[in-house]
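Dropping the structure in here first, questions after.
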Amino acid sequence: MKKFFVTTPIYYVNDKPHVGSTYTTVAADVLARYHRSRGDRTLFSTGVDENSQKNVQAMEKSGETDLQAYLDRMSDTWKTTWEELGIVFDTFVRTTEPRHLAAVSRFWNAVKQSGDIYESVYEGLYCVGCEGFKTETETVDGKCPLHPNSELSPVKEKNYFFRASAYREALLNHLDENSQFVQPESRRNEIRNYITEHFTDFSISREAKQVSAGIPVPEDSNQRIYVWFDALINYLTVTGYGTDDKMCAEWWPADIHLIGKDILKFHCALWPAMLMSAAKNDPLLRDENGNPKLPTRVFAHGYFTINGQKISKSLGNAIDPRALVPTYGFDAVRYFMLREIPFGEDGDFSESRLTERYTHDLANTLGNLLQRTIAMSRKYFDGKVPPSFSHEAKYTFADEAGIRAIRNAVDTNMEACRFDLALEAIWSGVDGAHGLLHANKFIEDTQPFKLQKTDPTATGAILYSILEYLRIISLLLAPFMPDVSERMLKQLGQNTDSNLSWGGLKPGTELPEPVVLFKMLNN
RNA sequence: CGCGGGAUAGAGCAGUUGGCAGCUCGCCAGGCCCAUAACCUGGAGGUCGCCGGUUCGAGUCCGGCUCCCGCAACCA
């Protein structure tokens with residue numbers, strides 16, 4: 001049995017989730033559900049980063065003084081938001097948890113043993129925006145190019161450094177030999193360029209007196225671990241690294257890290273370099289050939305704008321995903337995010353587009369198809385699934401082969417994280433056939449509502465083939481719209497243990513009265 | 001030489017390895033009546049930002065150019 005381990009980044013708890021963080025998390029949930037449905041042993045982790053200075057600032061801004069209470073409350077908000085939205089993660093990590101501290105400690109020591117941690121009095125410029133130090137060559141006119149309007153703070157303090165530069169060549173080799181390591185392709189080029197030009201040693205600690213959050217450096221309580229160094233290790237924490245070797249050996253490495261494009265460098269350069277270093281002294285991080293176990297893929301998705309505008313809390317357009325639920329249902333929001341924007345590209349989250357997709361794709365095409373098919377079946381076949389025997393191809397909408405074509409398209413695109421194309425295959429079909437759109441056309445062409453008066457057998461064949469088709473479609477949709485899928489199956493008289501082989505729908509099955517799947521939006 | 005994204009029908013977008021330009025909405029005309037005023041058909045509407053190049057053939061590859069968007073802070 002295959003295993004599949006997918007992660008989201010851990011989010012800062014300085015605010016509640018919005019549609020942006022929801023996007024990553026939904027994508028991970030879809031992948032996890034997809035792999036579970038194929039029978040893979042699946043681990044889906046998400047969580048929060050509690051060790052950042054940003055959290056402290058947010059707390060102070062809210063007038064609170066008890067950091068732990070603040071972290072507890074905010075972490076709970078994140079966790080319960082995902083739960084309320086029906087996202088099924090297997091583990092939720094907080095970077096203040098004992099298991100994380102254990103993982104970080106073990107990891108730090110492994111890197112240290114490799115000789116890749118050294119002390120240095122750092123005299124230089126710190127960019128608060130980046131939470132990182134800048135070298136002379138990285139500044140433009142004495143400013144950080146990413147944050148040109150903020151002054152760099154001159155800092156002189158003792159820090160621990162990670163000898164990242166030692167892994168430059170190994171990283172480039174890894175990139176060359178593993179075309180899927182960084183996706184999409186454009187990001188791979190970006191990271192290659194970054195490693196070649198700018199990848200240097202990282203400061204991985206700050207003086208404790210300068211920061212009020214963070215994990216103490218093992219054996220040096222005057223220093224706190226720099227937030228990114230500890231944050232990345234969360235991906236190991238959730239596998240049991242530092243607490244459960246057996247479990248860790250089973251799950252690590254991650255099959256895919258889903259991230260936003262802004263944190264590409266940390267995941268595709270710093271993180272693998274850290275792992276290469278630690279692996280030298282930690283057998284848990286090596287494979288059977290003695291090579292470091294690095295994440296198989298890192299997939300960076302794009303960013304949305306909201307109605308054409310950048311997400312901005314000061315503009316107040318950072319939509320709380322829960323606010324959309326009463327109107328659309330969360331499944332429709334999931335569908336929209338993944339269908340509308342090619343994963344990896346930037347896009348716009350516009351409510352008018354959401355409405356359009358909802359009305360056309362979901363209510364009119366999918367919902368209406370299910371409704372009309374069930375209604376006819378009930379009406380003409382005594383409330384039951386009609387007999388399946390048919391014979392003439394012209395009275396059969398789909399068959400084993402047609403379904404397989406759709407499934408293959410879905411599988412291929414899921415593998416590539418092209419959720420938009422996977423969904424498009426379901427709606428528009430493959431090679432111009434077997435899409436939901438074709439099913440509506442098929443009804444128009446064969447006219448079962450007329451044919452039932454003269455040829456009940458043909459009518460039964462028509463309706464059976466669409467019902468059975470819809471049963472399988474509902475299973476294919478399950479990772480994307482779990483709740484809708486379940487409601488569809490129920491309307492077809494099925495349980496969720498329904499399987500993907502053609503012919504699973506039993507003629508004579510009682511069909512309950514159809515219920516509108518997506519209610520029309522009024523206004 | 002700071003980084004990245006984009007320019008395709010009125011609007012919003014797809015176009016994976018180069019092979020007669022597609023989708024949704026909107027507009028016009030028609031059909032149907034099983035269904036959520038839903039469904040189906042046909043039509044109008046594009047010099048695929050500009051200029052060169054490679055090719056039998058380029059939205060798609062190569063070179064150059066123009067314009068737009070994001071990169072203080074909050075922020076995936």
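All heavy atoms count here, side chains included; hydrogens, waters and symmetry mates do not. Protein chains get the first letters and strands the later ones, always in sequence-line order, with residue 1 at the start of each.
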Worksheet item: How many Å lie between CD1 on Ile263(A) and C1' on rC3(B), as a whole number?
Response: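 Value for this atom pair: 17 Å.
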Practice prompt. Report, as a single string ordered 5' to 3', how protein heavy atoms within less than 4.0 Å touch nucleotides 13-31 of chain B: B base, S sugar-phosphate only, - not at all.
Written response: -SS--------BS-----B
Practice prompt. Could you tell me whether Tyr303(A) contacts a base, only the sugar-phosphate backbone, or nothing, with contacts defined as non-hydrogen atoms closer than 4.0 Å?
Written response: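 Since a base atom lies under 4.0 Å of Tyr303(A), the category is base.
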Worksheet item: For Asn193(A), what residues pass the side-chain hydrogen bond (donor to acceptor under 3.5 Å, both in side chains) criterion, not counting sequence neighbours?
Response: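 If we apply the side-chain hydrogen bond (donor to acceptor under 3.5 Å, both in side chains) test to Asn193(A), skipping adjacent residues, there are no hits.
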Item to complete: Taking only the side-chain heavy atoms of Ala375(A) (C-beta and beyond), determine which of rA35(B), rU36(B), rA76(B) contains the nearest atom.
Response: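 Of all the options, the side chain of Ala375(A) is nearest to rA35(B).
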Discussion item. In this structure, is the centre-to-centre distance between the rings of Tyr235(A) and His267(A) below 6.0 Å?
Written reply: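 Yes, they do, as the ring centres are separated by less than 6.0 Å.
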Only distances under 3.5 Å count here; give the side-chain donor-acceptor pairs of residues 432-439 of chain A to other protein atoms, sequence neighbours excluded, each with its distance to 0.1 Å.
unit_1    : atom_1 : unit_2    : atom_2 : d
His434(A) : ND1    : Phe397(A) : O      : 3.4
His438(A) : ND1    : Gly435(A) : N      : 2.9
His438(A) : NE2    : Gly432(A) : O      : 3.2

Item to complete: Using the C1' atoms only, state how far rC67(B) lies from rG26(B), rounded to an integer number of Å.
Response: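 So the two C1' atoms sit 28 Å from each other.
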Practice prompt. Determine the contact category for Asn368(A): base if any of its heavy atoms lies under 4.0 Å from a base atom, sugar-phosphate if only primed atoms, P, OP1 or OP2 are that close, otherwise nothing.
Written response: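 Contact class for Asn368(A): base.
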Item to complete: Kindly say whether the aromatic ring centers of Trp271(A) and Phe229(A) come within a distance under 6.0 Å.
Response: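 Here the rings of Phe229(A) and Trp271(A) have centres that are no less than 6.0 Å from each other.
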Worksheet item: Given the P atoms of rG12(B) and rC51(B), what is the spacing between them in whole Å?
Response: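 It comes out at 23 Å once rounded to the nearest Å.
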Worksheet entry | Any donor-acceptor N/O pair, Asp320(A) side chain to Arg322(A) backbone, under 3.5 Å |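 Yes, the answer is positive, given that a donor and an acceptor are paired below the 3.5 Å cut-off.
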Discussion item. Side chains of Asn51(A) and Tyr226(A) only: does a donor on one sit below 3.5 Å from an acceptor on the other?
Written reply: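 No.
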Worksheet item: Rounded to whole angstrom units, what separation is found between the CD atom of Glu513(A) and the P atom of rA35(B)?
Response: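 The distance from CD of Glu513(A) to P of rA35(B) comes to 12 Å, rounded to the nearest Å.
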Fill in: Nearest-Å distance for atom pair CZ/P, residues Phe442(A) and rU41(B)
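Those two atoms, CZ and P, are 14 Å apart.
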Worksheet item: If a stem is a run of at least 3 consecutive Watson-Crick or G-U pairs, both distances under 3.5 Å, which stems include RNA chain B?
Response: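 Paired runs of 3+ in RNA chain B: B:2-7 with B:66-71, B:10-13 with B:22-25, B:27-31 with B:39-43, B:49-53 with B:61-65.
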Worksheet entry | Same-atom distance (P) from rC23(B) to rA35(B), integer angstrom |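 Taking atom P in both rC23(B) and rA35(B), they lie 29 Å apart.
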Practice prompt. Describe the nucleic acid contact of Gly260(A) in one word from base, sugar-phosphate, nothing, applying a heavy-atom distance below 4.0 Å.
Written response: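 Result for Gly260(A) = sugar-phosphate.
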Item to complete: Using the salt bridge (charged side-chain N to carboxylate O under 4.0 Å, His left out) rule, collect all pairs that involve residues 360-377 of chain A, keeping only residues at least two apart or in two chains.
Response: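 For residues 360-377 of chain A: Arg357(A)-Asp361(A), Arg372(A)-Glu444(A).
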Worksheet item: If you check every side-chain atom of Lys441(A), which of rU41(B), rA76(B), rU36(B) has the closest atom?
Response: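 Per side-chain heavy atoms of Lys441(A), the pick is rU41(B).
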Discussion item. Ignoring hydrogens and geometry beyond distance, is a side-chain donor-acceptor pair present between Thr25(A) and Tyr11(A) at under 3.5 Å?
Written reply: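 A pair is found: one side chain offers a donor N or O, the other an acceptor, under 3.5 Å apart.
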Item to complete: Please name all residues satisfying side chain to side chain contact (heavy atoms under 4.5 Å, CB included) with Ile341(A), sequence neighbours left out, ordered by chain then number.
Response: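 With sequence neighbours excluded, Ile341(A) shows a side chain to side chain contact (heavy atoms under 4.5 Å, CB included) to Tyr23(A), Phe304(A), given in chain and number order.
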Worksheet item: Can you tell which of rG5(B), rA35(B), rC32(B) lies closest to the side chain of Phe449(A)?
Response: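 Minimum distance to the Phe449(A) side chain belongs to rC32(B).
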